[in-house]
Amino acid sequence: MRADTTVSVRDLYMRYGTDDVLRGVGFEVRRGEIVCLLGPNGAGKTTTVEILEGFRERSAGDVKVLGADPSTAGEEWRARIGVVLQSWRDHGRWTPRMLLRHLGRYYAPYADPGRGRARDVDELIGMVGLDGRADRPIRLLSGGQRRRLDVAAGIVGRPELLFLDEPTAGLDPLARREFHDLVRRLVAEEATTILLTTHDLDEAAGLADRILVLAGGRIVADGVADDLVRRTIGVALVRWSRGGEHFARTTPDAAAFVRGLFARHGEEITDLDVRRPGLEDAYLALVRQHEEGAV
Ligand code: ADP
């Protein structure tokens with residue numbers, strides 16, 4: 001294991017009843033990386049993340065998070081990770097300031113001289129853009145404002161590792177962009193490591209340094225978004241029609257392919273379309289391939 005390994009998962013198995021949901025999951029996350037875990041509904045993303053957070057017992061496998069096994073790690077370890085859960089609905093009568101101050105107290109005994117104490121409440125409110133809303137009841141916040149509060153709650157204790165579960169679901173495009181800026185700032189300024197799940201493939205491609213795809217109980221792809229696309233689909237998707245029939249091919253060299261096509265069929269070609277596939281194309285191809293193989 002490298003010295004900067006923050007998360008290390010090897011041969012992770014999870015069985016619910018007779019259902020093997022995770023069947024040998026393995027991956028690593030290094031310090032300061034933003035890694036996105038993708039997978040269809042029911043693939044086992046939440047299960048995986050909750051095992052890493054220490055909220056769920058695994059069936060088998062080796063898991064190390066910040067150097068400890070989450071199933072036995074104590075409160076000091078927990079104070080070093082941040083978890084952005086779904087909204088704090090039970091605290092509707094509280095204000096954001098009350099909630100964040102309360103959470104800040106929890107971290108006080110675990111203050112790490114290297115990273116500083118729990119974040120100042122005003123600083124936190126400014127970071128997530130909740131100025132002007134800090135002293136109103138949480139139940140009066142809009143969906144997007146609640147999401148920002150969830151994020152603020154996750155970073156009160158200056159976590160070394162932050163888990164984000166579909167952090168931008170329900171946010172409008174501006175709030176989403178501000179959230180992405182906040183995540184990048186956490187990484188740039190504090191070397192926070194981020195593991196997020198999302199169904200938004202543009203978000204994954206734009207934000208993550210590395211993508212993990214979970215399908216059929218295993219990690220079926222692990223890499224930089226552009227590499228995944230190149231390896232899975234090729235560099236370009238060429239579509240054309242000839243004699244009323246439609247054709248589609250992927251190719252590593254669109255220019256050479258199109259030259260060859262015209263050399264062979266010249267004026268018979270109509271509706272030529274050359275497209276660079278994106279992460280969504282690669283993701284769908286991978287999931288189809290591995291979910292089918294798993295049944
Ligand atoms: P994802 O987050 O990728 O949608 P989950 O980890 O929530 O996937 O679920 C993976 C599979 O495990 C699903 O089929 C789900 O029904 C099942 N599952 C999740 N939690 C439990 C549980 N506590 N008991 C039994 N089955 C579960």
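Both ligands and their constituent atoms are indexed starting at 1 by order of listing. The first residue of the sequence shown is numbered 1, and numbering continues consecutively from there. The structure presented is a predicted model; accordingly, all values stated were derived computationally and were not measured. Side chains are part of it too, since the values below use all heavy atoms of this structure and drop only hydrogens, waters and symmetry mates.
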Inset, instruction - Give the single entry among A215, G17, G42 that approaches atom 4 (O) of ligand 1 most closely by any heavy atom. - result: G42
Inset, instruction - Provide the number and element of each atom of ligand 1 under 4.0 Å from a heavy atom of K45. - result: 1 (P), 2 (O), 3 (O), 4 (O), 6 (O), 8 (O)
Legend entry - Short side-chain to backbone donor-acceptor contact, T251 and F257, under 3.5 Å: no
Legend entry - Per-residue contact class, R56 against ligand 1 - non-hydrogen pairs under 4.0 Å: side chain
Inset, instruction - Closest by any non-hydrogen atom to atom 7 (O) of ligand 1: pick that one out of D20, D19, T46. - result: T46
Legend entry - Any donor-acceptor pair under 3.5 Å from W240 side chain to V258 backbone: no
Inset, instruction - Name the option, out of L37, L214, L22, T47, that contains the heavy atom nearest to atom 9 (O) of ligand 1. - result: T47
Inset, instruction - State which residue, out of R275, R276, R288, fulfils the salt bridge (charged side-chain N to carboxylate O under 4.0 Å, His left out) condition with D281. - result: R275
Inset, instruction - May I ask you to check if ligand 1 and V21 share an N or O to N or O distance below 3.5 Å? - result: no
Legend entry - Top protein contact for atom 18 (N) of ligand 1, by heavy-atom distance: Y16 CE1, 3.3 Å
Legend entry - Atoms of ligand 1 close to P40 [distance to a heavy atom under 4.0 angstrom, numbered from 1]: 3 (O)
Inset, instruction - Considering the heavy atoms of N41, write down every atom of ligand 1 situated less than 4.0 Å from one of them. - result: 4 (O)
Inset, instruction - Please answer whether the main-chain N or O of R15 pairs with a side-chain N or O of S59 as donor and acceptor at a distance below 3.5 Å. - result: yes
Inset, instruction - Ignoring hydrogens and angles, tell me if any N or O in the side chain of R148 forms a donor-acceptor pair with the backbone of L130 under 3.5 Å. - result: no
Inset, instruction - Could you tell me how the ring of W94 sits relative to the ring of H102: parallel (under 30°), tilted (30 to 60°) or perpendicular (over 60°)? - result: perpendicular
Inset, instruction - May I ask you to decide if L171's main-chain N or O and T168's side chain share a donor-acceptor pair within less than 3.5 Å? - result: no
Legend entry - Any protein heavy atom < 4.0 Å from atom 26 (N) of ligand 1: yes
Legend entry - Salt-bridge contact D222-R210 (side-chain N to carboxylate O under 4.0 Å): yes
Legend entry - Taking atom 8 (O) of ligand 1 as the reference point, the nearest protein heavy atom with its distance: G44 N, 3.1 Å
Inset, instruction - Please check atom 15 (C) of ligand 1 for a protein heavy-atom neighbour under 4.0 Å. - result: no
